[in-house]
Asks: 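This is the structure, below, for whatever I ask next.
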Amino acid sequence: MTTTTTDQTTPEITFDSFGLDARIQRALAEQGYTKPTPIQAQAIPVVLLGKDVMGAAQTGTGKTAGFALPIIQRLLPMSNASASPARHPVRALMLTPTRELADQVYDNVARYARFTDLRSTVVFGGVDMNPQTEALRRGVEILVATPGRLLDHVQQKSVNLSQVQMLVLDEADRMLDMGFLPDLQRIINLLPAQRQTLLFSATFSAEIKRLASSYLRQPVTIEVARSNSANENVRQTVFQVEDGHKQAAVVHLLKKRAADGLSRQCIVFVNSKIGCSRLARHLEREGINAAAIHGDKTQTERMQTLDGFKQGNIDALVATDVAARGLDIPDMPCVINFDLPYSAEDYVHRIGRTGRAGASGDALSIFVPADERLLVDIEKLLKRNIPRTPLEGFDPTGANARAEESERRRARSDVRRARPNGEGDEPRPRRNDPASSRNAFRPSDDPFFSRPYEPSGGAAAAQPDVTESHAAAFGRGRPAPKRPLAALLGGVPRKS
DNA sequence: AAAAAAC
């Protein structure tokens, strides 16, 4: 196995030196690209030679262009302008773990290939299949996909993978974590054995190595940063607060940054979907431009939120780990961990959203004593200590903390209101979250809890979010009950 | 423990 390793210094080369087609160079010029990033400098020549690649690259290293540009180059001689699917078989397949990442990879591919005749499209779940099917039937050379939806299309015979010459497994570690291995195996079995395979992963775990050894041939290993090590441009700080003061602490941090004239944009990571929506609401009440993104949001909402964030209409993107990896959000000045992640590797991915391409960044974590073990695991993985710092000027008994306390009271009052003979307060609609108040929890709706929510009114319809209502009913951090609701309410008879 | 991903 050949191994190439560099540090973060950009080699003194330009995109001209790769001998890319004029049509690609024109697209690059239009994007304002002149100097390749380290991973591009290493990957592009290797991919152009047709070699398999095992790439360790974090998000934000320019990885996508690193594989997309040479792939487009290699496909060019085969492209033609005829509009029949038979003449536009899928020749390059790019698989990603999440829908957003698929969309972003596609977006890049389409931009780099825009002056060529190559066609590309993207397929992922959560949206109507028909437009995807039509695009596939018209024929594309480059297909970006999430595994599940791709197999769906394969089953419906709307795509044929027998002509694929280049396969990209992007964020392969993530795909394995998410249990995509069987899907990946099924997909790869549909591809010709004679092909070029590129595998990118943030870490080279034993599983990744096993995957590589079964599907890659004499891969060239490309590594731009030591895996499992966080970027040195990122200032990591852990703020220790008392349990129950986390929301107030985040508000304090965000307002402090704004007051210090630092960029207001940041991603705030939360471990649960409930906590994610809850924190976003809380920040909004505190006058911070915030929005939640997590897996219970519709695909449309997720894309709109991401767009709003990229355009600067949203300052604080409150996210679950849906956003930890892959999402290509340029130049994040700051990442905040509202919760420390359950796995130390996720910590690396989360803070990898900042301090990219040589920029400096802040990774701030809220730490409560109960999370000691999580922090120790992170320190072990990073092989360094992260000092616990008191939060300067933070007054947990001040206005912020009072707001947090009132939120807890509100949550408890929702439970009282939910009782059939409810001695609860006046209903108080939640500001900034019409869906949640419209779908306020009603015990007579109980079946609601025993089956998953099925959308009925199209993408634009309000989302009666089961977990949201749970949050409202049961307060902070409680998991959705597995028992019937009546049992939880203490023997209130259940209508059926 | 949690999140993500196909219908």
Side-chain angles (χ1 to χ4, degrees), chain A residues 59 95-105 122-133 136 144-159 169-187 202 267-279 292-299 301-303 306 317-327 337-350 368 370-375 377-378 451-456 459 465-468 470-471 476-482:
Chain A
T59 308
L95 298 177
T96 75
T98 66
R99 300 164 179 176
E100 278 82 3
L101 183 55
D103 203 37
Q104 282 156 15
V105 169
V122 60
V123 302
F124 51 75
V127 293
D128 191 359
M129 280 191 83
N130 292 329
Q132 298 178 355
T133 306
L136 291 171
V144 187
T146 50
R149 181 54 72 90
L150 176 63
L151 283 170
D152 220 351
H153 282 292
V154 166
Q155 255 173 5
Q156 301 198 5
K157 303 232 189 300
S158 40
V159 65
L169 302 173
D170 199 9
E171 310 268 347
D173 51 342
R174 185 65 164 166
M175 288 201 273
L176 294 190
D177 287 352
M178 287 165 60
F180 275 138
L181 183 59
D183 284 357
L184 290 183
Q185 287 168 328
R186 269 158 61 209
I187 292 167
I267 304 184
V268 185
F269 283 106
V270 180
N271 284 355
S272 72
K273 293 184 277 199
I274 294 174
C276 181
S277 292
R278 178 174 296 268
L279 180 61
I293 185 165
H294 59 66
D296 277 355
K297 300 280 185 186
T298 63
Q299 200 52 39
E301 286 173 314
R302 280 160 64 164
M303 291 195 262
L306 210 52
L317 182 70
V318 186
T320 59
D321 281 313
V322 68
R325 310 189 196 199
L327 291 203
N337 287 308
F338 174 78
D339 296 314
L340 283 179
Y342 291 120
S343 106
E345 290 209 346
D346 282 338
Y347 178 85
V348 176
H349 283 285
R350 287 181 181 185
V368 292
D371 290 341
E372 179 67 27
R373 206 187 54 79
L374 300 178
L375 186 54
D377 282 352
I378 291 164
R451 58 171 161 77
Y453 164 67
E454 290 157 302
S456 54
D465 184 335
V466 174
T467 52
E468 284 291 330
H470 261 290
R476 252 149 74 85
R478 295 281 202 98
K482 300 212 164 46

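The basis for the numbers below is simple: all heavy atoms, side chains too, and nothing from hydrogens, waters or symmetry mates.
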Asks: Without decimals, in angstroms, what is the distance between A/Glu345 CD and B/dA4 C1'?
Replies: 16 Å
Asks: Quick one: is A/Thr146 getting a side-chain N or O under 4.0 Å of the B/dA6 phosphate, OP1 or OP2?
Replies: yes
Asks: Indicate yes or no: at least one non-hydrogen side-chain atom of A/Leu317 is less than 4.5 angstrom from one of A/Leu306.
Replies: yes
Asks: Quick check on B/dA3: is either OP1 or OP2 less than 4.0 Å from any side-chain nitrogen or oxygen of A/Arg99?
Replies: no
Asks: Would you indicate what A/Pro97 reaches in the nucleic acid, counting non-hydrogen atoms under 4.0 angstrom: base, sugar-phosphate, or nothing?
Replies: sugar-phosphate
Asks: Would you kindly give the CG-to-P distance between A/Asn271 and B/dA2, to the nearest whole Å?
Replies: 9 Å
Asks: Whole angstroms only, please: what is the CG-P distance between A/Leu101 and B/dA3?
Replies: 20 Å
Asks: Between B/dA6, B/dA1, B/dA4, which nucleotide has the shortest distance from any of its atoms to the side chain of A/Arg373?
Replies: B/dA1
Asks: For the pair made of CZ in A/Phe124 and P in B/dA4, what is the distance, rounded to whole Å?
Replies: 15 Å
Asks: Nearest to the side chain of A/Gln155 - B/dA2, B/dA6, B/dA4?
Replies: B/dA6
Asks: Look at the side-chain N and O atoms of A/Ser272 and state whether any lies under 4.0 Å from the OP1 or OP2 oxygen of B/dA1.
Replies: no
Asks: Would you indicate what A/Gly179 reaches in the nucleic acid, counting non-hydrogen atoms under 4.0 angstrom: base, sugar-phosphate, or nothing?
Replies: nothing
Asks: Of all the nucleotides listed (B/dA6, B/dA5, B/dA1), which has the minimum atom distance to the side chain of A/Tyr342?
Replies: B/dA1
Asks: So, do A/Arg174 and A/His349 sit near enough that their side-chain heavy atoms are less than 4.5 Å apart?
Replies: no
Asks: Taking only the side-chain heavy atoms of A/Arg186 (C-beta and beyond), determine which of B/dA5, B/dA2, B/dA6 contains the nearest atom.
Replies: B/dA6
Asks: Taking CG from A/Asp339 and P from B/dA1, how many angstroms apart are they, rounded to a whole number?
Replies: 15 Å
Asks: Atom CZ of A/Arg350 to atom P of B/dA3: distance rounded to whole Å?
Replies: 11 Å
Asks: Of the candidate nucleotides B/dA3, B/dA6, B/dA2, which contains the atom at the shortest distance from the side chain of A/Lys273?
Replies: B/dA3
Asks: Nearest 0.5 Å, what's the CG-CD1 distance between A/Asn337 and A/Ile267?
Replies: 10.5 Å
Asks: Before giving the answer on side chain to side chain contact (heavy atoms under 4.5 Å, CB included), spell out for A/Asp103 and A/Gln299 the whole-Å C-alpha distance, their side-chain angles and the decisive distance to 0.1 Å.
Replies: CA-CA 11 Å; A/Asp103 203 37; A/Gln299 200 52 39; over 6 Å; no
Asks: To the nearest Å, how far apart are A/His153 NE2 and B/dA5 P?
Replies: 15 Å
Asks: Measure the distance from CG on A/Asp346 to P on B/dA1 and round it to the nearest whole Å.
Replies: 16 Å
Asks: List the steps, then state whether salt bridge (charged side-chain N to carboxylate O under 4.0 Å, His left out) holds for A/Arg373 with A/Asp377.
Replies: CA-CA 6 Å; A/Arg373 206 187 54 79; A/Asp377 282 352; 3.1 Å; yes
